[in-house]
Amino acid sequence: MKFEKDDWVRSARVGAKGSFVGQVKEVLDGDEYVVRDDDRKRWLRKGSELTRANPKADNDNERADQRARMQHWRL
């Protein structure tokens with residue numbers, strides 16, 4: 001799968017860095033991408049380690065909605 005600059009992606013767990021949602025900042029030759037995470041750190045990832053994701057704000061809102069549904073279900 002090909003990604004473009006500013007696309008939101010989810011990185012698979014690689015080494016000590018767990019899965020995270022970030023934004024593509026650079027597209028390098030071949031199938032490699034520079035992805036920035038929440039801490040503004042940049043990570044080099046291969047295309048096979050990435051999948052499309054919603055923008056970070058949408059992911060945060062989705063998690064908040066899931067927590068609210070679980071809290072309601074527990075009541």
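Considering only residues two or more places apart in sequence or on other chains, D6 meets the side-chain contact (heavy atoms from CB on, under 4.5 Å) condition with Q23, K25. In this structure R13 satisfies the side-chain contact (heavy atoms from CB on, under 4.5 Å) test with no other residue, sequence neighbours excluded.
Annotation: side chain of V9 is not in contact with side chain of T51 (no heavy-atom distance under 4.5 Å).
The two atoms that bring S11 and S19 nearest to each other are O-OG, 2.9 Å, heavy atoms only. Nearest approach of Y33 to F3, heavy atoms of both residues: OH-N, 3.2 Å. Between K2 and G30, the shortest heavy-atom contact is NZ-O, 4.1 Å. Contact between D37 and D39 at its shortest, heavy atoms only, is OD1-N, 3.0 Å. Closest heavy-atom contact between A53 and V21: CB-CG1, 4.2 Å. Shortest non-hydrogen contact noted between R45 and L50 is CB-CD2, 3.9 Å.
Connectivity analysis of hydrophobic side chains (ILVMFWY, heavy atoms under 4.5 Å, direct or indirect) links L44 to L28, V34.
Checked by atom type, the side-chain pair N54/W8 shows no donor-acceptor distance below 3.5 Å.
Dense packing is recorded around CZ of R52, with more than 12 heavy atoms of other residues, nucleotides or ligands lying under 6.0 Å away. In this structure, K17 places its NZ atom where more than 12 heavy-atom neighbours from other residues, nucleotides or ligands lie under 6.0 Å away.
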- request: Given side-chain contact (heavy atoms from CB on, under 4.5 Å), test F20 with V35 step by step and report yes or no.
  value: CA-CA 10 Å; F20 67 92; V35 180; 3.7 Å; yes

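How far CD of E49 is from CD of E32: 9.0 Å, rounded to the nearest 0.5 Å.
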